Number of protein chains: 2
Amino acid sequence: MARVAGVSVATVSRALRGLDRVSPQTREKVLRVAEDLHYVASPTATSLASGRTRVVAVVAPFLTRWFFATLVSAIEKSLRAQGHHIVLFGLEDDTYDQRLTLTQNMLWKRVDGIITLNVPMTAEEVDLVDRLELPLVAIGSPVPGRACVRIDDRLALRTAVQHLADLGHTKVGYIGSVPDNVAHIQTPQDRLEAFKASVVEFGLTCEPAWILNSDWTAEAAAQDSRDLLRGDHRPTAIVAASDEMAIGVRESARRLGLSVPGDLSVIGIDDYLLSEVLGLTTVRQDVAAQGRAAAELLLRALLDDDEPTDEVVLPTELIVRESTGPLS
Amino acid sequence: MARVAGVSVATVSRALRGLDRVSPQTREKVLRVAEDLHYVASPTATSLASGRTRVVAVVAPFLTRWFFATLVSAIEKSLRAQGHHIVLFGLEDDTYDQRLTLTQNMLWKRVDGIITLNVPMTAEEVDLVDRLELPLVAIGSPVPGRACVRIDDRLALRTAVQHLADLGHTKVGYIGSVPDNVAHIQTPQDRLEAFKASVVEFGLTCEPAWILNSDWTAEAAAQDSRDLLRGDHRPTAIVAASDEMAIGVRESARRLGLSVPGDLSVIGIDDYLLSEVLGLTTVRQDVAAQGRAAAELLLRALLDDDEPTDEVVLPTELIVRESTGPLS
DNA sequence: CTGAAAGCGCTTACAG
DNA sequence: CTGAAAGCGCTTACAG
C-alpha cells in the first residue's frame, strides 16, 4: 500500500487517520490509492500498536428478553455511529439463581470499556474491572463508584399505586418479588419496597398473601397468580413489576372468568412492545433512551478520557389504557 | 511473564496453549506463574500473529424483535462455549425499505466468520465476503453457495392452512405480505406463495382483498386488519405470517366486537414468547435450535477449516390453542 | 511535511 | 524439549 502510493507507511497512517502534518496532495493521493486497493487498516494491528480496540463489552443477564434486546440495539447503534463495535456477553445460565461471571479473558485487551445491563456485579468482578482500568457505565443495577443510567423505580411504583388509588381501589396486590436466592438483583427489591411504601402512603391495604413471587415472565406470572385469583379473598387491583407479568396476570384472570378491569385492574411497568396493542395500562420507561444515554457516557470516557460518574435518571410516564378501571 | 517463570516467551506460548513438546514440569511451572500473575495473553497480539481473531460477526436486520434476539442469544452461548466471541451488527435503519450495508471495515481482520440472520445479501456484499474469504452461515434467507439453516416455510404454511381446512373453514385471509420496496426479503415471499398454493390445494377461497400487507409487528397488524374485519364480506379465518401479527389481528377483532375463535379463527407462525400465555394457535419453530445449528456449522468451518455448505432444515409443529375453532 | 526505526505482544519455523 | 529471531501490520516519537 505504501509502496504503490510511493510514500512511507508512516505517511499512509497519518493520511488515512486524518492527522495534520500531511500535505493536501499527499493525502489525496494516499486516499485514492487506498480506494483503488480496497485498503482498510487491520484493526488488530492498530489495536496492538495503539492500545485501544474501539470495542466495548455489553454484558446482560438475558439477551432474549425485550428489555435487554432493546437496550442492546440502542447501544449498538450509538456506538457504531462513533466507530465502535460491541461484543456481547449473555450471562444467563440454565438455572435461575446463578449466572456466569465476568472473567479477565473476556475483557483484557479485548475491549476499551463496559456497559452492564442490570447486572449486579460481585466484589470480584468490581475488582477485576478496577484492576483492568476499564471505564464502565451501568444501566439499572448500579455499580459502586461508576456512572449509572436508570429510571426512578420508587417513583414509577408510586405512580402505579397512585393511579389505582385514584380509581378508588383500596385492596391491592403485587407480583414480581423474587425468591431469596436471587435477592442480589436490585430492581425487584427496589420495586417491591417502593410498592409497599406507596401502599402505606395512599392508605391502601395489601395483605402479605397478595404479594407474589414470580420470575418476570408472562407465562410464570399467569401460573403464579392463579391461586390468588381463584380465591374470593383477593385484591381488586394488582401492580405487576413488569408488563410481561401484567399480561400473564390478566390472562390468568380471564381464564378464571374474571373481567379486566371489571373485576380486577392490572397495571404494569415498562410499556413493553405489545402493551399498546394489548391495551395494557402501564408506567412507561424509554428503554432505548437509556441505552443511548449509557453509550454516550461511555463514549465520553473513551474519547475524552475523562470518566464520568454521573447518575442519569430518565423520566417515566403513566399510560392509561384498558386494563385498569374504577372500583365497581 | 517469561522472565519470572525463567523460560523463553516461546515456551510460555506453547505451555499456555497446551501444545506438545513441552515437558510436564515446565508446563506446570508456567501455568502456576500465569495464575499468580493473573496473566492472560493479549488477544490482539495473538490475532495479529496468528491471523485468527476467534470472533464472529452476527448480522441481523433488527435486534429488538424476538426472533432475532432469540437467535443471537443461542449463537452467543454456543460460540462462547468454544472460546469464540461475537460482535453484533444491527442493520436496521429508520425507514423500513433500506438498511445499512456490510462493509469491509466491519469485517476485515476483525472476524473469522459470519452468521447472517435472515438478511438477504446484495451482490456487492456477497462479493465482499468472497473476497475476504470468510466462512458464512445463513439463517433464514439463504446466501448462494453458503450453508443455510432454516425451516420449511412452505410446509409451515401448508400446516396452518390445513388446520383451518380441517376445522371446516373455506374462506381464509392472510396477513404478512410485504410492499414491493422490500420484496427482496425472502421469508414474506415464500410464506405468501406457500399460502396461496395451499389454499388451492385444499380447495379454499381467498379473495385478493383478503391478503393484507403489514410490517410484521403486532401494532401494525392490528391497524392493517381493521378495515377488512369491519366489513361484512370477510373471511372466517386468517393466517398470519408471524405470531406477533396474529396477536395484532386478534386484538383488532376483539375491539370490533368479534369473538375469537367464534367469529374469526386466527393462526400464526413461530410460537412466540407470549403465544402460549395468550392462547394463540400457531405453527411452532424452534428458533434457538436454529441458532445453535448455525453456530455449529460455522465452528466446523473455523476449527476444521472445511466450510460446510449443508442446508439444515428444522422441523415445525402445529400447536393448537384457543385462537382457532371450528366454523360455526 | 515526511521518513526511518522502534515497539506493541504474541506465534512460528528453525536450530540445537 | 527449549530458545533466539523473524514477522504479523500498525502507531509513535524522533530526526530532518
Side-chain angles (χ1 to χ4, degrees), chain A residues 1-34 37-55 83-85 104-112 132-133 302-303 305, chain B residues 1-34 37-55 83-85 104-112 132-133 302-303 305:
Chain A
M1 162 72 202
R3 189 160 28 77
V4 348
V7 296
S8 72
V9 296
T11 302
V12 170
S13 174
R14 283 186 285 247
L16 256 27
R17 285 183 301 149
L19 301 186
D20 48 1
R21 316 246 129 197
V22 179
S23 79
Q25 310 90 295
T26 309
R27 183 186 304 276
E28 203 180 320
K29 181 173 50 176
V30 171
L31 290 176
R32 193 152 17 82
V33 173
L37 266 48
H38 297 292
Y39 174 82
V40 169
S42 156
T44 78
T46 301
S47 297
L48 182 58
S50 70
R52 330 180 62 244
T53 61
R54 295 185 168 273
V55 173
H84 284 70
H85 292 94
Q104 180 162 349
N105 73 48
M106 291 176 176
L107 304 172
W108 173 239
K109 291 292 180 191
R110 196 182 286 286
V111 300
D112 292 344
L132 267 27
E133 295 183 16
L302 262 26
L303 302 177
D305 206 57
Chain B
M1 161 73 203
R3 190 160 27 76
V4 350
V7 295
S8 72
V9 296
T11 303
V12 170
S13 173
R14 283 185 287 247
L16 256 29
R17 285 183 301 149
L19 300 187
D20 46 0
R21 316 249 130 194
V22 179
S23 79
Q25 308 92 296
T26 309
R27 184 187 305 276
E28 203 180 319
K29 179 173 51 177
V30 171
L31 291 175
R32 193 155 14 86
V33 174
L37 266 47
H38 296 292
Y39 174 82
V40 168
S42 156
T44 77
T46 300
S47 297
L48 182 59
S50 70
R52 331 181 60 245
T53 60
R54 295 186 167 272
V55 172
H84 284 70
H85 292 93
Q104 180 161 351
N105 73 48
M106 292 176 176
L107 304 172
W108 173 235
K109 291 293 178 189
R110 197 181 286 284
V111 301
D112 293 343
L132 301 182
E133 295 182 16
L302 260 26
L303 302 177
D305 205 58

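Treat the numbers as computed from the prediction; the structure is a model and nothing was measured. Quick note on labels: first sequence line is chain A, next is B, and so on, each numbered from 1.
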Student: Looking only at heavy atoms, what is the nearest atom pair of A:L132 and A:L107, with distance?
Tutor: CD2-CB, 4.0 Å
Student: Rounded to whole Å, how long is the line connecting atom CZ of B:R27 with atom C1' of D:dC1?
Tutor: 11 Å
Student: If we ignore hydrogens and angles and just use 3.5 Å, is the side chain of A:S47 paired with the main-chain N or O of A:R52 as donor and acceptor?
Tutor: yes
Student: If I take atom CH2 in residue A:W108 and atom P in nucleotide C:dC10, what distance separates them, rounded to the nearest angstrom?
Tutor: 9 Å
Student: For the residue pair A:L302 and A:H84, establish whether any side-chain heavy-atom pair is separated by less than 4.5 Å.
Tutor: yes
Student: For C:dC10, take OP1 and OP2 only and decide whether either is under 4.0 Å from a side-chain N or O of B:S42.
Tutor: no
Student: For D:dA4, does either OP1 or OP2 sit under 4.0 Å from a side-chain N or O belonging to B:S8?
Tutor: no
Student: Would one find a side-chain N or O of B:S23 under 4.0 angstrom from OP1 or OP2 of D:dT2?
Tutor: yes
Student: Between A:S23 and A:R27, does the side-chain contact (heavy atoms from CB on, under 4.5 Å) criterion hold? Intermediate values first, please.
Tutor: CA-CA 6 Å; A:S23 79; A:R27 183 186 304 276; over 6 Å; no
Student: Checking all strands, does B:T26 fall into the base, sugar-phosphate, or nothing category for heavy-atom contacts under 4.0 angstrom?
Tutor: sugar-phosphate
Student: When you look for runs of 3 or more Watson-Crick or G-U pairs in a row, both distances below 3.5 Å, which of them include DNA chain C?
Tutor: C:1-3 with D:14-16, C:5-12 with D:5-12, C:14-16 with D:1-3
Student: Answer whether the closest heavy-atom distance between the side chains of A:H85 and A:R54 falls below 4.5 Å.
Tutor: no
Student: If you check every side-chain atom of A:A49, which of C:dG9, D:dT11, C:dC14 has the closest atom?
Tutor: D:dT11
Student: Just N and O in the side chain of B:R17: are any of them under 4.0 Å from OP1 or OP2 of C:dT11?
Tutor: yes
Student: Quickly work out the B:R14 CZ to D:dA4 C1' distance and round it to whole Å.
Tutor: 11 Å
Student: Testing the basics here: between A:P43 and B:R110, what is the closest heavy-atom pair and its distance to 0.1 Å?
Tutor: CB-NH2, 3.7 Å
Student: Measure the distance from CZ on A:R3 to C1' on C:dG3 and round it to the nearest whole Å.
Tutor: 17 Å
Student: Can you check whether B:T11 has a side-chain N or O nearer than 4.0 Å to OP1 or OP2 of D:dT2?
Tutor: no
Student: Does D:dT12 have OP1 or OP2 under 4.0 Å away from a side-chain N or O of A:S50?
Tutor: no
Student: If you only use heavy atoms from C-beta on, which nucleotide in D:dC10, C:dA5, C:dT2 is closest to the side chain of A:A41?
Tutor: D:dC10
Student: Return no unless some side-chain N or O of B:Y39 is found under 4.0 Å from OP1 or OP2 of C:dG9.
Tutor: no
Student: Using atom CZ of A:R52 as one end and atom P of D:dG9 as the other, report the distance to the nearest whole Å.
Tutor: 23 Å
Student: Rounded to whole Å, how long is the line connecting atom NZ of A:K109 with atom C1' of C:dG7?
Tutor: 13 Å
Student: Roughly, in whole Å, what's the span from CG in A:L16 to C1' in D:dC10?
Tutor: 12 Å
Student: Assign A:S47 to base, sugar-phosphate, or nothing according to its heavy-atom contacts below 4.0 angstrom with the strands shown.
Tutor: nothing
Student: Provide the closest heavy-atom pair for B:L16 versus B:Y39 in the form atom of the first, atom of the second, distance.
Tutor: CD2-CE2, 3.4 Å
Student: Once you round it to whole Å, what is the distance between P of D:dC1 and NZ of B:K29?
Tutor: 15 Å
Student: So which of B:V12, B:V7, B:V4 actually passes side-chain contact (heavy atoms from CB on, under 4.5 Å) with B:V33?
Tutor: B:V4
Student: Counting only side-chain heavy atoms from C-beta out, which of D:dT2, D:dC8, C:dC1 sits nearest to B:L48?
Tutor: D:dC8
